[in-house]
> 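Have a look at this one.
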Amino acid sequence: MAHDVAMVIYLVCTLPWQLGVLYTTPAKHKVHRVAGAYTNYAFFEWSLILYDVAFDAVTAIDFQTFELNIVDHSGAGTDFSAEGHAQDTISPSALHLLTLARGFITETYLAYVSWSMWTSLALLIWYFPLWHMGLSGFEAFLFITQAPMVLGIAPLRRVMARYRGFFHLLSLMGVAAYLKQDPVWRLSLTAIGLGISMTTWAATWYEQRAQGAAQERSILIWGLGLLVHCTMKMAWFSENPIWPIMHSANGGINAIGITLGVFASIDVLVRDLAAPIVHKEDDKKKKIKTAANGHFFSAAAGFGALAFALHSIYTDSSTIMRWSVDGYPSYGPEPVPWGVVTIAALALGLWLSAKRELVLSVPWYALGCAGCAAFYCFGGWPAYYGGLVLGTVLMSVTPALVRAATLHGAFKTMASAYFMYNLLCLAHVWTVAYEFVPGGEYLRERTYLVLIAMMAMIGAGVANARPQQDKVTQIHVLKEARYLTRLSLLAIVAVSALVAAKRCISRKTPVPYTTSEKSFTAGIWTIHFALDDDMWASEIRMRDAIRDLELDVVGLLESDTQRIIMGNRDWAQFIAEDLGYYVDYGPSTLKHTWGCLMLSKFPIVKSTHHLLPSPVGELACAIHATLDVYGQEVDFIVSHNGQEENPVDREMQTTELARIMRTSPNPFVFLGYVVTKPQFRPNYYILFDDGDMNDIDPTDWDRWCEYIGFRGLRRIGYARVSHGRITDTEIQTGKFQIVDNPRDYWKASYDRVPESAVAPALRYPQMFYGQGVRGHRYHVFNEPRYFAQ
């Protein structure tokens, strides 16, 4: 015991010491920027604790059958005989708690794996319509979530519950899917693995109906898996390290994830086989109980809507921030450190779930509805607060709604629940993808209808669960489960706080790449939702290209990934923190655009998010930001116009952009996706002539989507760089210099100069000549173009 206490003290004291050293000393990872130096050290340091605790636990089990006898052979003294088992010297409660904790940890890990596969499914599906620019047929994989309805076959349900460890082991094929390069294979394996995992969890809940405490334990563990998922995503900058879009080259730890999953599955299987078989109630008794627990459809709708709500809004700690983000200076909360508060709110909800009279009451449900309304109707901080309230309410009713669903027939309840879930998922996508899907016009920009339906179904589920007054059995099991849940919640929140602290400390301060000449490089790039051509997460490769091109301001289009179909990701966090950028996320997810985002090395003084006129086609977005560039205010626009099929929309959008630029008194840079040929009427002339702007190079005839414009600045150069299979669209960049007399540079000269006439500090990087690097090279002209002014 003394040793364990000492280890805990050591553990607690180590945290402030390490963080203090990290903050106050020139650590290797801070000065030399060795990626992961501190992380690698931390793994070794913390693994010592895990090894020590594991060794103590195994030793206690090994020695529990030993006897220790001390006998005085002289016969003169007392017989000091200590007979009995190790339980006489090792606290039985401590040994029992260690065993319970081991099972709790392994099952929580399997819950995390299940949530990981679930959240990756739609992301993998999305890759295919993204490249088809419409429905691809692979969307049918979404309905693998209907798999739990097979539990209507009672013998199958009993087998899956009895040998759940084996089926969890089989489900790991979804994690192992990353080993296949072919996107179709990865999607297929993930879908099968998810189907097995979801069915196994549902079978467990159904077969534990008669043991309410054991069932609640499983549901609480499932909820903990979601919180672990959120914490892991925070540690990996909103990516999940065991997703099939991850591998070792982009930060994945898939092999470790599989290994831990194998150990966890075997542990569950061994424990279940060693446990006595619990005799179930007879069918007649079950039917009587079921009839007294409301209507199956209310229970199914409540559970299905709850699953959708948790998946769509709370599978990443930054989602509620990005769904409600606003322009500067009232930008709202940042993912770090406020993601910790999001996780804490969800943890509070799970903690309160034991208070059934509270969480199933009408005022509590009304509080959730109010939180949902605030989340949708407001922006910035008020919306975030509403999201926190909603998350707490949703997590608090999770055990009750899952329990209520299992009190009805498995086939009809699971089929209905996951049909409701899938229906809400499709509606959620239809609100933004209306241009590319049948019947899209009926849900165009109508997320409020989806949220109303979601809350109504959850309300039906809560009302259905409220009358249930099950007699509590296995009180000791229930107390132990809730005790371990609360310990786990505290640990998860603490770990998330450590992750946030590490990220805050290691974040780079934004500094322009070249300060001596008061110059900056601006770029525009359509990045296809941070999925590369081969369906791998691409933010690391994007970071490398942005860093090597020394882009001080970059507009990234098709950037909003805070939806179910994009995995609820916020990949820009990684680039911003690793390279040192300010971030403007652009119009929030609730604005129903595909996203435009700006990264800036210069402070953002103010910004406005625009929804450009789009009466027919998809919504077009724009950011109009004013940056403090070396003490001078310079305006930037990052925009994404509509598709070629909607010429009226594009003309109206271009006209609005021109109005914004024309009415600004500041020097200006335009970085946008216009969809027009150079010098082609009307949009090209509306943009540059009516907008009082200069095309960066009117002689470049090989353009269609991306354009750069400017005024009031000295233009130094222009370059086009190939995409390197990160997306299907190139990077366009322009180099500019701040001048003391912007009005003298309002109209541009197009006299070209050779690179030798340009100061070395103002030249483009040499590494992109010829074959370039990592698939990026100067193309079209095969070199940058430089200008006299």
Side-chain angles (χ1 to χ4, degrees), residues 107-127 138-149 164 167-168 170-178 186-205 218-219 221-233 236 238-246 254 257-258 261 264 303-317 319 346 394-395 398 401-402 405 414 417-426 428-429 561-569:
E107 291 180 48
T108 299
Y109 181 77
L110 293 174
Y112 157 69
V113 169
S114 184
W115 277 105
S116 299
M117 290 188 288
W118 195 350
T119 53
S120 70
L121 177 68
L123 173 58
L124 300 182
I125 292 172
W126 168 243
Y127 169 85
F138 289 96
E139 294 81 7
F141 275 100
L142 177 65
F143 290 91
I144 195 67
T145 54
Q146 299 284 154
M149 69 183 183
R164 58 186 176 136
F167 289 99
H168 281 307
L170 280 182
S171 74
L172 292 176
M173 71 174 72
V175 182
Y178 86 101
R186 268 184 279 156
L187 171 58
S188 302
L189 290 173
T190 301
I192 295 171
L194 173 61
I196 295 172
S197 178
M198 294 179 73
T199 307
T200 303
W201 280 101
T204 303
W205 298 334
S218 293
I219 299 169
I221 286 173
W222 186 69
L224 287 172
L226 173 60
L227 294 176
V228 173
H229 173 80
C230 290
T231 303
M232 291 293 287
K233 287 189 72 181
W236 263 261
S238 85
E239 298 285 4
N240 187 317
I242 64 171
W243 270 347
I245 63 167
M246 304 293 288
N254 313 69
I258 295 170
F303 174 56
L306 173 72
F308 166 76
L310 294 178
H311 187 176
S312 62
I313 309 175
Y314 297 102
T315 48
D316 188 88
S317 59
T319 298
L346 298 177
L394 291 177
M395 288 299 286
T398 295
L401 294 190
V402 176
M414 290 293 101
Y418 284 108
F419 179 77
M420 291 295 104
Y421 162 80
N422 287 323
L423 194 63
L424 289 170
C425 283
L426 292 174
H428 162 78
V429 175
T561 49
Q562 287 286 9
R563 292 186 178 88
I564 284 179
I565 53 174
M566 289 91 162
N568 283 36
R569 298 177 294 148

> Which atoms form the tightest heavy-atom contact between G567 and K233, and what is the distance?
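G567 and K233 have their closest heavy atoms at O-NZ, 2.9 Å.
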
> Under the criterion side chain to side chain contact (heavy atoms under 4.5 Å, CB included), I'd like the reasoning laid out for I125 against I565: C-alpha separation, chi angles, the key distance, then a yes or no.
CA-CA 7 Å; I125 292 172; I565 53 174; over 6 Å; no

> To the nearest 0.5 Å, what is the distance between CZ on R186 and OG on S120?
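Going from CZ on R186 over to OG on S120, the span is 11.0 Å.
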
> Are M232 and V228 side-chain neighbours, meaning at least one heavy-atom pair lies under 4.5 Å?
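Yes, their side chains come closer than 4.5 Å.
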
> Looking at every non-hydrogen atom in both residues, tell me the closest pair between F303 and A417 and how far apart they are.
CD2-CB, 3.8 Å

> Out of the candidates N240, T119, T319, I245, only one should pair with R569 under the side chain to side chain contact (heavy atoms under 4.5 Å, CB included) rule; please name it.
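One option only clears the test, and that one is I245.
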
> Distance check, rounded to the nearest 0.5 Å: L423 atom CG versus Y418 atom OH?
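Those atoms lie 15.5 Å apart.
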
> On the 0 to 90° scale, with breaks at 30° and 60°, tag the H428-F308 ring pair as parallel, tilted or perpendicular.
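Perpendicular.
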
> Distance check, rounded to the nearest 0.5 Å: W118 atom CH2 versus L226 atom CG?
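Atom-to-atom, W118:CH2 and L226:CG are 9.5 Å apart.
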
> Which label fits F138 and F141: parallel for a plane angle under 30°, tilted from 30 to 60°, or perpendicular past 60°?
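Parallel, since the angle between the ring planes stays under 30°.
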
> Taking all atoms of both residues into account, what is the closest heavy-atom pair of S116 and I242, and its distance?
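It is OG-CD1, 3.6 Å.
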
> Answer yes or no: is there a side-chain heavy-atom contact under 4.5 Å between M395 and L310?
yes

> Any donor-acceptor pair under 3.5 Å linking the side chain of N254 with the backbone of W243?
yes

> So which atom in P244 and which in T190 form the shortest heavy-atom distance, rounded to 0.1 Å?
CG-OG1, 3.2 Å

> Hey, mind stepping through I564 and V429 against side chain to side chain contact (heavy atoms under 4.5 Å, CB included) and telling me if it holds?
CA-CA 8 Å; I564 284 179; V429 175; 5.7 Å; no

> Please give me the minimum heavy-atom distance between M117 and S171, naming the atom from each residue.
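For M117 versus S171, the nearest heavy atoms are SD-O, 3.4 Å.
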
> What do the steps show when you test L394 against I313 for side chain to side chain contact (heavy atoms under 4.5 Å, CB included), and what is the final call?
CA-CA 11 Å; L394 291 177; I313 309 175; 5.6 Å; no

> Going by side-chain hydrogen bond (donor to acceptor under 3.5 Å, both in side chains), name the residues that satisfy it together with S218, two or more places apart in sequence or in a different chain.
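So S218 forms a side-chain hydrogen bond (donor to acceptor under 3.5 Å, both in side chains) with Q208.
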
> If you look at every heavy atom in Y109 and A264, which pair is closest and at what distance?
CD2-CB, 4.2 Å

> Applying side chain to side chain contact (heavy atoms under 4.5 Å, CB included), can you list everything that pairs with I258, at least two apart in sequence or on another chain?
V175, A176, Y178, V262

> Can you tell me how far apart CD1 (I144) and CG (N422) are? Round to the nearest 0.5 Å.
10.5 Å

> My understanding is that only one of Q146, M149, M414 makes a side chain to side chain contact (heavy atoms under 4.5 Å, CB included) with F419; could you say which?
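So the option named by the test is Q146.
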
> As an exercise, state the distance from CG of L227 to CH2 of W115, rounded to the nearest 0.5 Å.
9.5 Å

> To the closest 0.5 Å, what do you measure between NE2 (H311) and CG (D316)?
11.0 Å

> Just list the side-chain donor-acceptor pairs under 3.5 Å for residues 191-204, sequence neighbours left out, or say none.
unit_1: S197; atom_1: OG; unit_2: S114; atom_2: OG; d: 2.9
unit_1: T199; atom_1: OG1; unit_2: G195; atom_2: O; d: 2.6
unit_1: T200; atom_1: OG1; unit_2: I196; atom_2: O; d: 2.7
unit_1: T204; atom_1: OG1; unit_2: T200; atom_2: O; d: 2.8

> Kindly assign one of parallel, tilted or perpendicular to the pair W222 and W205, based on the angle between their ring planes and the thresholds 30° and 60°.
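The rings of W222 and W205 stand perpendicular, inter-plane angle above 60°.
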
